[in-house]
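Okay, so here's the structure we're looking at.
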Amino acid sequence: MGKIVALANQKGGVGKTTTAINLAANLAIMGKKILLVDADPQANATSGLGFDIKNEGIYECIIGKRNADEVILKSEDVKKLHVLPSSINLVGADAELATLQDGHFRLKKVLDPLREAYDYIFIDCSPSLGYTTVNALVAADSVLIPVQCGYFALEGLGKLLNTIKMVKSKLNTALDIEGFVMTMYSRSRLANQVTFEVKEHFKHLTYETIIVRSVRLDEAPSHGLPVILHDAASSGSKCYVELAKEFLKRNRKKKNEQ
Ligand code: ADP
Ligand code: MG
């Protein structure tokens, strides 16, 4: 049964989508069957993997107009990587979900039947803690939290953790924190200090792998490719290969402990 992991942080521009795309792609290249669910109306994960953002996708599934298997797209570049795309249609979902009695559970109902077909399902959340993101936290087994190595890194994490706590207590008791991933690292006293603080605070939940700032990572989406197919030798690509390995290692360990 596949595990569902939401990538969340209500701050924009911290590396959620970059991490979602490249972690998903590397795991697929390593042989895992992966579904990447784009839960952001900006649809950056969809376009960043070269797909048209005008397709029907997650929004149509959430409102019950389509089944997931009707809208899931298969990557031509990475076998074993499938995408449940997003579009601007998703912009109204928060308001619509709020009017539904099962409004917190719509995405869970879409994704649960897909667990059998995949090893991992990643949900790339939007920079908000609205209804759609709460749907992702309700659907997920765990949350992976990208944290940008900068001055305001820790700002807002409290609010995110409170939201996770609320979801855990009321809507999804099994929700776990997968971990914190430091992103966009460039050597400086500030970046080192922020990394140190996150490690101090979140201990073993902080990933050893730190994602460096890399121009190739920034460029890759404009080619519709994960960075490993854009420039495998780049520092950014190597970081995400390491991250995928660490992700698998941590999950193997968790399974053994169960
Ligand atoms: P989010 O999904 O959290 O809003 P993104 O992953 O879209 O964040 O990243 C924000 C911007 O920063 C994007 O333009 C992306 O290409 C760029 N970016 C993300 N990670 C890196 C990195 N490690 N090095 C360089 N640019 C990055
Ligand atoms: Mg994003």
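Atoms within a ligand are numbered from 1 in the order they appear, just like the ligands themselves.
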*Please identify which atoms of ligand 1 are closer than 4.0 Å to at least one heavy atom of Ile211.*
23 (N)
_Can a donor-acceptor pair be found, under 3.5 Å and without considering hydrogens, that links the side chain of Asn172 to the backbone of Asp141?_
no
*Flag Pro221 as yes when one of its N or O atoms lies below 3.5 Å from any N or O atom of ligand 1, and as no otherwise.*
no
*With the threshold set at 4.0 Å, does a side-chain nitrogen-carboxylate oxygen contact exist between Glu257 and Lys254?*
no
*Indicate the atoms forming the closest heavy-atom contact of Lys109 with Asp102, along with that distance.*
NZ-OD2, 3.0 Å
*asked:* Under a plain distance cut-off of 3.5 Å, with no hydrogens placed, do Glu96 and Tyr59 share a side-chain donor-acceptor pair?
replied: yes
*Any N/O/S atom, backbone or side chain, of Asn44 lying under 2.8 Å from the Mg ion (ligand 2)?*
no
*Report yes if some N/O of Lys16 lies less than 3.5 Å from some N/O of ligand 1; otherwise report no.*
yes
*What distance separates Tyr240 OH from Thr18 OG1, expressed to the nearest 0.5 Å?*
5.5 Å
*Run the contact test for Gly15 against ligand 1 with a 4.0 Å cut-off on heavy atoms, strictly below, and give the result.*
yes
_Distance filter under 4.0 Å to Val212 heavy atoms, resulting ligand 1 atoms_ = 22 (C), 23 (N), 24 (N)
_Test item: protein heavy atom less than 4.0 Å from atom 10 (C) of ligand 1_ = yes
*asked:* Polar contacts were defined as any N/O atom of the residue lying under 3.5 Å from an N/O atom of the ligand; does this apply to Thr18 and ligand 1?
replied: yes
*Ion pair check, Glu178 and Lys3, cut-off under 4.0 Å*: yes
*Taking all atoms of both residues into account, what is the closest heavy-atom pair of Val71 and Pro85, and its distance?*
O-CD, 3.4 Å
_Counting only nitrogen or oxygen atoms and a 3.5 angstrom limit, does Asp218 reach ligand 1?_
yes
_Note: Arg216-Asp231 ion pair, threshold 4.0 Å (strictly below)_ = yes
*Find out whether Lys16 and Pro127 are in side-chain contact, i.e. whether some heavy atom of one side chain is under 4.5 Å from a heavy atom of the other.*
yes
*Determine whether any heavy atom of Asn44 lies closer than 4.0 Å to an atom of ligand 1.*
no
*asked:* Under 4.0 Å from a heavy atom of Val14: which atoms of ligand 1 are those, numbered in the order shown and with their elements?
replied: 1 (P), 3 (O), 8 (O)
*Under 3.5 Å, side chain of Thr183 to main-chain N/O of Ile211, donor-acceptor pair present?*
no
*Shortest protein heavy-atom distance from atom 4 (O) of ligand 1, along with the residue and atom involved*: Gly13 N, 2.7 Å
*asked:* Less than 4.0 angstrom from a charged side-chain N to a carboxylate O is my criterion; do Lys249 and Glu246 meet it?
replied: no
*List the closest protein heavy-atom neighbour of atom 25 (C) of ligand 1: residue, atom name, distance to the nearest 0.1 Å.*
Ser214 O, 3.1 Å
*Quick one: look up the protein heavy atom nearest atom 20 (N) of ligand 1 and list residue, atom name and how far away it is.*
Met184 CG, 3.6 Å
*Which heavy atom of the protein is the closest neighbour of atom 7 (O) of ligand 1, given with residue, atom name and distance?*
Thr17 CB, 3.9 Å
*Just distances here: any N/O of Gly12 and N/O of ligand 1 closer than 3.5 Å?*
no
*Check whether any heavy atom of Leu217 sits under 4.0 Å from an atom of ligand 1.*
yes
